[in-house]
Amino acid sequence: MTSLEIQFKRINTKLSSTWRFGWQIIWRILDWRLFIAPMITYGIYRYWLHTAESGRYPKFILPHPDTVWLRFQEMYADGSLLLHLKVTLRESLSGLLIASVIALVLGYVIARIRILNYILIPYLIFLQAIPVVAIAPIIIIWVGPDIKSKIVIAALITWFPLMVSTIVGIRNVSPQLREMMRANVANPLQVFWHLELPSAMPEILGGFKIAVTLSVIGAAVGEFISSREGLGYLIVVGRSISDPASVFLGVIILTAISLTLYIIVAVIELFLLRWKRAGS
Amino acid sequence: MSQFVLAVENVSHTYTTTDGQVVKALHEVTLCLSPKTFTCLVGASGSGKTTLLRIMAGLIRPKSGQVLLNGKPLRQPQRRISLVFQRDTLLPWRTVRQNVALPLQLAGVDRKKRFMQADQLLDLMGLSEFANAFPTELSGGMIQRVNIARGLITQPDILLLDEPFGALDALTREQLWRELLLIWGRTHATVLMVTHDIREAIFLSQRVMVMSTRPGHIVKEVEVPFDYPRHFDLLTDPIFIQKEAQVREAILADRLSSSRLG
């Protein structure tokens with residue numbers, strides 16, 4: 001090793017300390033490539049503006065961006081937007097929480113106990129094959145028209161990708177590492193906590209990236225069918241009274257929630273999987 | 001330090017491959033590790049050395065025969081017996097320090113104490129600079145050092161090494177021989193090391209056991225008369241060369257007889 005290499009290793013070692021959180025992550029966030037997507041979004045916005053101002057489409061089909069912006073300010077000022085946002089967020093996050101508990105437990109058990117693979121998987125796929133949109137009205141009748149039914153719908157739509165990713169993650173745990181843990185007299189809880197969970201983390205986080213966006217869809221679907229509040233309700237009402245600005249606003253806010261939740265998972269991933277980037 | 005004796009009595013083992021073939025891995029193996037000795041087990045690859053080591057670590061139960069730890073049958077892995085694996089078995093999400101401290105953590109030693117012990121050991125192995133590095137940032141030689149450090153941290157009475165230097169280049173390997181002997185001199189654990197390098201076996205150990213191939217069976221025992229500490233000029237010593245020839249002869253003789261049979 002040359003002295004330069006040693007120097008480099010030293011710096012690298014310092015960076016890879018357990019709490020390598022600060023600078024590296026800020027650098028990741030400030031990556032110039034992250035500005036590509038906003039630029040494209042701006043392009044789409046310009047196109048929208050251009051089309052709306054051309055007068056080719058009536059206002060009830062394509063609203064002007066300013067109308068949507070005005071509606072946003074209005075609803076922000078009277079607090080109704082925040083109320084809708086809070087309701088939808090609560091529904092999707094509660095759904096996600098319930099789904100993740102069920103999916104992680106089921107996924108782990110199925111991955112570890114072979115026979116359950118044969119017993120449970122057919123029914124679980126059967127359950128997943130039912131289009132949630134189709135049975136959503138029935139769920140609302142069963143559970144009631146309030147927030148609970150939307151939580152159930154959001155959970156139903158998110159649990160499957162989470163469970164599948166958990167199964168894949170736990171199955172991929174290296175048998176050599178399992179044997180190493182056994183040689184070091186680890187009990188089952190220690191094996192789970194120190195080997196299985198961190199080993200399956202890349203797959204589980206991948207599942208969460210899908211699940212967070214799905215949970216927002218689930219909540220909105222529930223609100224479309226029957227609700228008095230929430231962003232889905234905002235869209236439904238906007239559609240029924242021919243107010244496309246509300247529809248657009250609702251859709252944009254829903255997308256923003258999905259994007260934010262996705263970014264939160266991505267940042268958690270950046271921190272939890274920092275060992276994957278080390279040495280490369 | 002207590003006097004732990006690990007004895008293998010008439011151990012035979014077979015396993016079934018994925019395509020349904022029954023392979024006789026070990027046949028009537030008997031050996032005894034007396035306290036504070038360094039023994040090497042040599043043999044061609046596929047002679048069941050690794051299987052024997054896993055049986056001695058309590059990871060698998062032999063089909064017949066038994067392993068005795070101080071006269072008591074060994075049924076499962078013990079903290080007194082430490083196994084260093086042939087392949088890299090470090091946890092990639094843990095830093096070097098956390099990896100070395102793992103066995104202590106599993107034994108319930110608190111964080112401060114186990115990290116202190118890990119740091120001492122890393123210092124001894126010249127790895128203290130890399131305590132916070134992840135395994136992916138290390139070279140092959142360093143990974144094996146960390147592997148060995150993890151095996152030593154519980155201060156085991158018996159240390160089983162499975163071809164720890166197999167994947168390393170000759171220079172790194174010889175450097176690690178010295179380091180291993182140095183550390184062994186301080187701890188005086190009972191060591192059994194599996195290797196396919198005859199020179200390595202003679203340089204390191206007091207006794208070399210030669211294993212035949214399929215089924216694995218101990219065909220010859222060679223005593224190595226040199227004292228510790230050992231130096232590299234030993235490698236050209238006439239007695240060393242003579243011992244080397246003896247071991248090689250035993251391996252070749254076994255290969256000849258097995259090819260005649262096959």
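We name chains A, B, ... by the order of the sequence lines, and we start the count at 1 in each one.
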Under 4.5 Å heavy-atom distance to chain A, tell me which part of B/Gln78 shows up: side chain, backbone, both or neither. backbone
Taking B/Arg173 for its side chain and B/Phe165 for its backbone only, find out whether a donor-acceptor pair lies under 3.5 Å. yes
Given B/Pro92, B/Gly151, B/Pro135, B/Ala57, the one with more heavy-atom pairs under 4.5 angstrom with chain A than any other is B/Pro92
With side chains defined as the heavy atoms from C-beta onward, is the minimum distance between B/Ser205 and B/Met193 less than 4.5 Å? no
With a 4.5 angstrom heavy-atom cut-off, could you sort out which part of B/Arg87 is near chain A: side chain, backbone, both or neither? side chain
Against chain B, label A/Ser199 side chain, backbone, both or neither, depending on which of its atoms sit under 4.5 Å from a heavy atom there. both
Give, as side chain, backbone, both or neither, the part of A/Leu272 having an atom under 4.5 angstrom from any heavy atom of chain B. neither
Hey, does the side chain of A/Asn184 reach the backbone of B/Pro103 with a donor-acceptor pair shorter than 3.5 angstrom? no
A/Tyr262, OH atom: more than 12 neighbouring heavy atoms under 6.0 Å: no
Relative to chain A, which segment of B/Leu102 carries a heavy atom at a distance below 4.5 Å: side chain, backbone, both, or neither? side chain
Would you say A/Trp159's side chain and A/Leu156's backbone share a donor-acceptor pair under 3.5 angstrom? yes
